[in-house]
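Structure first, commentary second.
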Amino acid sequence: MNNTNQAGVLHALPPERIDQLFHSPALRRLFQTNASDEYALIWLLSKHTKDTGNEKIYLKNIAREMDLPMHRVSAIARSLQDKGLVRWTHDGSGEEGTYILLTDTALASAQSHRQAMRTYHQRVVAAYGEENFLRLLGEITKLEEIMRQEAEKGGQPHDQA
């Protein structure tokens, strides 16, 4: 498998689908340094920085993006701050809201996690076979579409739809 194909396969699944498909005790051990919601927040912050060039993200925006209540986002941010992974601060009086920034430690951790996940994913795809993997992704996409269509029918028996 060449690097171009690997990159395409790596991006074929969003991170949450990778987690669903490859959830295992070994993978949990690989990422046991942070809880999944902490990892998700670090990922969101690093993506936000990459996409916008702005290193800070307000907690209210994190709550919206992660679809979590503000008290939960605050708890995650506090835990990450205690671990030295984010700096939680505000501009001026703080009336505009508070925001967090990734520390250098968090950036290194995120890069390490990305590389570990990339390596793990490449090994899984290589062992399963790239063609098999892409075929499986196609079948999963078909199944998701059927499930979406059936859900839109509101759970009615098929012959009444």
Side-chain angles (χ1 to χ4, degrees), residues 1-130 132-134 136-138 140-141 144 148:
M1 184 170 20
N2 67 39
N3 287 341
T4 304
N5 288 341
Q6 286 176 352
V9 172
L10 283 174
H11 297 293
L13 284 178
E16 63 274 8
R17 295 290 293 145
I18 292 171
D19 186 50
Q20 290 170 356
L21 291 174
F22 302 130
H23 186 71
S24 71
L27 191 58
R28 275 196 307 272
R29 281 193 303 277
L30 185 62
F31 297 106
Q32 70 185 1
T33 56
N34 296 312
S36 61
D37 51 1
E38 292 175 339
Y39 181 74
L41 195 144
I42 290 170
W43 179 84
L44 176 66
L45 278 162
S46 62
K47 182 178 181 330
H48 171 78
T49 300
K50 180 182 170 193
D51 292 349
T52 67
N54 187 353
E55 295 180 348
K56 65 182 180 182
I57 186 169
Y58 286 90
L59 266 62
K60 65 183 177 187
N61 295 337
I62 294 169
R64 185 182 67 245
E65 287 290 320
M66 293 180 72
D67 194 26
L68 291 173
M70 185 60 79
H71 73 274
R72 182 67 190 126
V73 172
S74 294
I76 297 166
R78 189 169 295 107
S79 175
L80 289 172
Q81 182 174 331
D82 291 347
K83 292 178 180 181
L85 299 174
V86 299
R87 189 168 53 90
W88 190 351
T89 190
H90 58 83
D91 291 324
S93 67
E95 288 183 19
E96 305 82 30
T98 61
Y99 61 88
I100 56 177
L101 303 157
L102 290 174
T103 63
D104 290 342
T105 302
L107 293 170
S109 176
Q111 178 60 32
S112 174
H113 280 109
R114 273 193 298 275
Q115 185 56 46
M117 188 61 159
R118 193 172 286 122
T119 299
Y120 175 79
H121 187 257
Q122 287 171 347
R123 289 193 330 246
V124 168
V125 170
Y128 190 65
E130 184 175 349
N132 290 335
F133 186 76
L134 292 173
L136 177 62
L137 290 178
I140 290 170
T141 300
E144 287 175 337
R148 185 194 58 74

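The structure displayed is predicted, hence computed values, not measured ones.
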Inset, instruction - Please list, chain by chain and in numerical order, all residues satisfying side-chain hydrogen bond (donor to acceptor under 3.5 Å, both in side chains) with Arg78, sequence neighbours excluded. - result: none

Inset, instruction - Not counting sequence neighbours, list each pair that qualifies as a salt bridge (Lys or Arg N to Asp or Glu O under 4.0 Å) and has a residue in residues 63-75. - result: Asp37-Arg72

Inset, instruction - Looking only at non-hydrogen atoms, find the nearest pair between Ala63 and Val73 and report the distance. - result: CA-CG2, 3.6 Å

Legend entry - Heavy atoms from other residues, nucleotides or ligands near CG of Asp104 exceed 12 (cutoff 6.0 Å): no

Inset, instruction - To the nearest 0.5 Å, tell me how far Gln81 CD sits from Thr103 OG1. - result: 10.0 Å

Inset, instruction - Measure the spacing between NE2 of His48 and CG of Leu44 and express it to the nearest 0.5 Å. - result: 8.0 Å

Legend entry - Side chain proximity check, Leu136 to Asn132, heavy atoms < 4.5 angstrom: no

Inset, instruction - Look at the side chain of Ser79 and the backbone N and O of Ala75, then say whether any donor-acceptor pair between them is shorter than 3.5 Å. - result: no

Inset, instruction - Kindly compute the distance separating NE2 (His90) from CD1 (Ile100), expressed to the nearest 0.5 Å. - result: 14.5 Å

Inset, instruction - Tell me, with the steps shown, if Ile76 and Ile62 meet side-chain contact (heavy atoms from CB on, under 4.5 Å). - result: CA-CA 11 Å; Ile76 297 166; Ile62 294 169; over 6 Å; no

Inset, instruction - Could you tell me the separation between the CG atom of Leu102 and the CH2 atom of Trp43, rounded to the nearest 0.5 Å? - result: 13.0 Å

Legend entry - Pair Asn61, Tyr99: side-chain N/O donor-acceptor within cut-off below 3.5 Å: no

Legend entry - Gap separating the CG atom of Leu80 from the CG atom of Leu41, nearest 0.5 angstrom: 6.0 Å

Legend entry - Approximate separation, where rounding is to 0.5 Å, of Asp91 CG and Thr98 OG1: 10.5 Å

Inset, instruction - Count the heavy atoms of every other residue, nucleotide or ligand shown that sit under 6.0 Å from CD of Glu55, and state whether that count exceeds 12. - result: no

Legend entry - Ser112 side-chain N/O to Ala108 backbone N/O, donor-acceptor pair under 3.5 Å: no

